[in-house]
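Numbering of residues begins at 1 and proceeds along the displayed sequence.
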Amino acid sequence: QVNVVESGGGLVQAGGSLRLSCAASGRTFSNYAMAWFRQAPGKEREFVAGISWTGENTLYSDSVKGRFTVSRDNAKNTLYLQMNSLKPEDTAIYYCAGHKYYSPTWDTHEYPYWGQGTQVTVSS
């Protein structure tokens, strides 16, 4: 099992940037594909971005492609999400998740390990 804790959320104006972090502990972090999901009020949780064990493969939703960058530092057991050009529609709780496959996937049900989330609010 891997335990994850998100941080870095906050309030930012449209067009601004935030960097989220996800600190992992427990089993070997480098053996887990990791991903970011988000959930806005009244909406289902959705995939945002994911990264493979080594960081070689990344995957993004169309809504964030070109604005967000997912990365990881296996030496620090940490996952990151750099969010640029933020929009009000990016407002949500952002969750870090992991699964024991090489590559990330879109499906929330394939991730057994989740953090508690961090709130991101983008004002217009």
Of all heavy-atom pairs linking Ser124 and Ala14, the shortest is CA-CB, 4.3 Å
Minimal heavy-atom distance between Ala33 and Arg72, with the atoms involved, is CA-NH1, 4.1 Å
Quick note, side chain to side chain donor-acceptor pair (under 3.5 Å) partners involving residues 6-23, not counting sequence neighbours, are Ser17-Asn84
Quick check: does any side chain N or O of [X] sit under 3.5 Å from a backbone N or O of [Y], one acting as donor and the other as acceptor?
| X | Y | result |
| --- | --- | --- |
| Thr28 | Ser30 | no |
| Thr78 | Lys76 | yes |
| Thr118 | Gly9 | yes |
| Arg67 | Gln82 | no |
| Tyr95 | Arg45 | no |
| Ser52 | Asn57 | yes |

_One pair to check against side chain to side chain contact (heavy atoms under 4.5 Å, CB included): Leu79 and Val70. What are the steps and the verdict?_
CA-CA 8 Å; Leu79 174 74; Val70 61; 3.8 Å; yes
What's the verdict on side chain to side chain contact (heavy atoms under 4.5 Å, CB included) for Lys87 and Val122, showing C-alpha distance, side-chain angles and the deciding distance? CA-CA 6 Å; Lys87 304 175 182 180; Val122 184; 5.5 Å; no
With side chains defined as the heavy atoms from C-beta onward, is the minimum distance between [X] and [Y] less than 4.5 Å?
| X | Y | value |
| --- | --- | --- |
| Tyr113 | Cys96 | no |
| Lys100 | Asn31 | yes |
| Val120 | Leu20 | yes |

Same hydrophobic cluster for [X] and [Y], using side-chain heavy-atom links shorter than 4.5 Å among ILVMFWY?
| X | Y | answer |
| --- | --- | --- |
| Leu81 | Val2 | yes |
| Tyr111 | Trp106 | yes |
| Leu18 | Met34 | yes |

Straight-line distance of [X] [atom1] to [Y] [atom2], nearest 0.5 Å:
| X | Y | atom1 | atom2 | value |
| --- | --- | --- | --- | --- |
| Ile93 | Gln119 | CD1 | CD | 5.0 Å |
| Asp90 | Thr121 | CG | OG1 | 11.0 Å |
| Tyr80 | Thr69 | OH | OG1 | 14.0 Å |
| Glu89 | Lys43 | CD | NZ | 8.5 Å |

Audit row: Met83, Tyr94, side chain to side chain contact (heavy atoms under 4.5 Å, CB included) steps and yes/no
CA-CA 11 Å; Met83 306 186 295; Tyr94 282 71; 3.9 Å; yes
| task | Would you please test Val4 and Phe29 for side chain to side chain contact (heavy atoms under 4.5 Å, CB included) and show each step? | result | CA-CA 10 Å; Val4 295; Phe29 176 71; 5.6 Å; no
Only residue of Tyr60, Phe37, Phe68, Trp36 satisfying ring-ring contact (aromatic ring centres under 6.0 Å, His included) with Phe47 is Phe37
For Tyr101, the side-chain contact (heavy atoms from CB on, under 4.5 Å) test, sequence neighbours excluded, returns His99
